[in-house]
Protein chains: 2
Amino acid sequence: MATGRNHRPATSRSRGIPEATVARLPLYLRALTALSERSVPTVSSEELASAAGVNSAKLRKDFSYLGSYGTRGVGYDVEYLVYQISRELGLTQDWPVVIVGIGNLGAALANYGGFASRGFRVAALIDADPSLAGKPVAGIPVQHTDELEKIISDNGVSIGVIATPAGAAQQVCDRLVAAGITSILNFAPTVLSVPEGVDVRKVDLSIELQILAFHEQRKAGEEPTGAASEADTAPPAAPPAVAVAKRPPESGSDGDLPAVMPA
Amino acid sequence: MATGRNHRPATSRSRGIPEATVARLPLYLRALTALSERSVPTVSSEELASAAGVNSAKLRKDFSYLGSYGTRGVGYDVEYLVYQISRELGLTQDWPVVIVGIGNLGAALANYGGFASRGFRVAALIDADPSLAGKPVAGIPVQHTDELEKIISDNGVSIGVIATPAGAAQQVCDRLVAAGITSILNFAPTVLSVPEGVDVRKVDLSIELQILAFHEQRKAGEEPTGAASEADTAPPAAPPAVAVAKRPPESGSDGDLPAVMPA
DNA sequence: GTCTGTGAAGGAGTTCACAGCT
DNA sequence: AGCTGTGAACTCCTTCACAGAC
């Protein structure tokens, strides 16, 4: 999963919904929406689970945290569940969102159909490049960073998306938070530090690939050759302390940006 | 985290590295690379942990799975750790990657600097739109979907990135798998079904926002007003079975695409 | 004295398996 | 008979706290 976690330690006594369950609700919602469009009236936990890519026990347990909206011997009413999950996720209200950093990625996000169809509305696009100002992207004119605070308070925005290069992210984050934003979706490959009470979720494209590479590597070393590479079994058990790096230290600047700032 | 999990049930007896640890290795690697560029020779678990956004106990435990490369009383040698983690993740080798679907998102991915700086190399960009064929994106000419199988086998590609609209994703996935791809990073909002042995990781933009909205909603209903909205406390405890949806069923097609296919 | 490495305790999430309702 | 709802077992992950190496 492409996700950085960052949330209250779940210590609060609240008899709330487990994080893992919350993270799956959007999956269920998507599957249910598809069923709804096909006018399917009810689903069993088995059917819905397979459409959402989970197993049915998990799904039933998840729904039990929401209050158990099914009927034994029958299944779940599709429309009713769509409503309940939407409400639980807060999607029955309108969430204005600002996107900061309108490079390729920012533009992709602005064009993303999945936002509008849920409760999200792109309230503004913001970029530091003055030459972008006024240009429409996905039908919305880009505004300059100078306007950031005004845009946020005028529109009552509480969710911000950061799609800037890594170097600008913390600074943008600070301004968003100061302006009143309390939830941030961060696409820049940086760890953002935020005050208590602000939620950050992270999507990091290269991390996901690295995780895939890890598993891919394992596959390669499994069946085919008996000749395991030196890396496969146990690491050089001796803790070498002052050891030297065996590899050219990957010099050259990292250039670790998500998409591009307009050149 | 924006991540769909999908991996072998971890039942295999292997004394392997826990998934949760693998998912953090890229974070450590990023922080270490930054230290390396500043020529910092060693770090303590505390310092590195805070740079990576985790706590130090977790970090030490994680490293203990790799074989404990630190020195008590001192810390970790930065260069050496960079090497060990890179090796563990399989980044000391070259991973050719194809990106299918060159809309805004595909273009953003092609331009993404974080790939090249790790072991990844964009071997080809593929799109179904003939009018895109030959046009360079991020310096790489887009090729037509017809070439997909040939590209993959010619370049020995084992990792594919799907950035097409949802409707095309499963079909593209099937072709990728048939052509020999064994790891897929999926940006399309669909559950892909793949045969045993193929890894899929999912990044879903709208899911992340929905999770934020959930928490945002909670915040709103916490301190400020004592007047809790009807949604806040317990759900309508009665399991209404045949209940009617209380909300207009969000009609209108979902339009659930990630970025755009070239119009 | 400092900081790592790691057993042991604790907590979160998943799966099992069956009781209970329709 | 069929399918949900859920305690209980189990597995995975995190945190604690301190022994051990420098």
Side-chain angles (χ1 to χ4, degrees), chain A residues 1 5-25 28 42-50 52-77 80-81 84 235 237-243, chain B residues 1 3 5-25 28 42-50 52-78 80-81 84 235 237-243:
Chain A
M1 189 157 43
R5 212 144 292 182
N6 178 349
H7 212 251
R8 79 192 71 176
T11 35
S12 44
R13 75 291 166 220
S14 81
R15 157 235 41 108
I17 300 172
E19 267 301 304
T21 295
V22 173
R24 280 187 295 267
L25 293 182
Y28 301 143
T42 59
V43 264
S44 67
S45 62
E46 201 71 56
E47 293 163 336
L48 182 52
S50 99
V54 304
N55 71 51
S56 64
K58 201 183 288 189
L59 177 144
R60 289 200 303 278
K61 180 65 93 176
D62 283 342
F63 286 175
S64 82
Y65 294 119
L66 307 187
S68 301
Y69 299 123
T71 308
R72 292 169 205 236
V74 179
Y76 300 89
D77 180 276
Y80 188 69
L81 247 194
Q84 288 299 343
V242 204
Chain B
M1 145 175 56
T3 294
R5 214 145 290 181
N6 179 350
H7 213 249
R8 78 194 69 177
T11 34
S12 44
R13 75 290 167 223
S14 82
R15 158 234 40 110
I17 301 172
E19 268 301 305
T21 295
V22 172
R24 280 187 295 268
L25 293 182
Y28 301 144
T42 58
V43 263
S44 68
S45 62
E46 201 71 55
E47 291 163 336
L48 182 53
S50 99
V54 304
N55 71 51
S56 64
K58 201 183 288 187
L59 176 143
R60 288 201 303 277
K61 181 63 93 175
D62 284 342
F63 287 175
S64 81
Y65 293 119
L66 307 187
S68 302
Y69 299 125
T71 307
R72 292 170 204 236
V74 179
Y76 300 90
D77 181 276
V78 171
Y80 188 69
L81 248 194
Q84 288 299 344
V242 205

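Each chain gets a letter, A, B and so on, in the order the sequences are listed, and its residues count up from 1.
Atoms OG1 and OH, on B:Thr71 and B:Tyr80 in that order, are 10.0 Å from each other to the nearest 0.5 Å. Distance check, rounded to the nearest 0.5 Å: OG1 of A:Thr21 to CG of A:Leu66 gives 7.5 Å.
Separating the CD atom of A:Glu46 from the P atom of D:dT4 is a distance of 8 Å, rounded to the nearest angstrom. At whole-Å resolution of the value, CG in A:Leu59 and P in C:dC16 are 15 Å apart. Separating the CG atom of B:Leu66 from the P atom of C:dG5 is a distance of 10 Å, rounded to the nearest angstrom. Between B:Leu48 atom CG and C:dC3 atom P the separation is 14 Å, expressed in whole Å. The distance between atom CZ of B:Arg24 and atom C1' of D:dC12, rounded to the nearest whole Å, is 12 Å. Across the protein-nucleic acid pair, A:Tyr65 atom OH and D:dT4 atom C1' stand 15 Å apart, rounded to whole Å. Spacing between atom CG of A:Asp77 and atom P of C:dT22 amounts to 16 Å, rounded to whole angstrom units.
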| field | Pair A:Tyr28-A:Leu81, side chain to side chain contact (heavy atoms under 4.5 Å, CB included): steps then yes or no | value | CA-CA 9 Å; A:Tyr28 301 143; A:Leu81 247 194; over 6 Å; no
| remark: Nucleotide by nucleotide, nucleotides 15-22 of chain D touches protein heavy atoms under 4.0 Å in the pattern (B base, S sugar-phosphate only, - none) B-B-BBBS
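For the side chain to side chain donor-acceptor pair (under 3.5 Å) test, residues two or more places apart in sequence or in another chain that qualify with A:Ser45 are A:Arg60. Applying the salt bridge (charged side-chain N to carboxylate O under 4.0 Å, His left out) rule to A:Arg24 yields the partners A:Asp62; only residues at least two apart in sequence or on another chain are considered.
Residue A:Ser44 places no side-chain N or O under 4.0 Å from the OP1 or OP2 atom of D:dC3. Within the 4.0 Å cut-off from OP1 or OP2 of D:dG5, at least one side-chain nitrogen or oxygen of A:Tyr76 is found.
Residue A:Ser68 comes nearest to A:Ser64 through the heavy atom pair OG-CA, 3.5 Å, listed as atom of the first residue, atom of the second, then distance.
Across all strands shown, B:Phe63 has no heavy atoms under 4.0 Å from either base or sugar-phosphate atoms.
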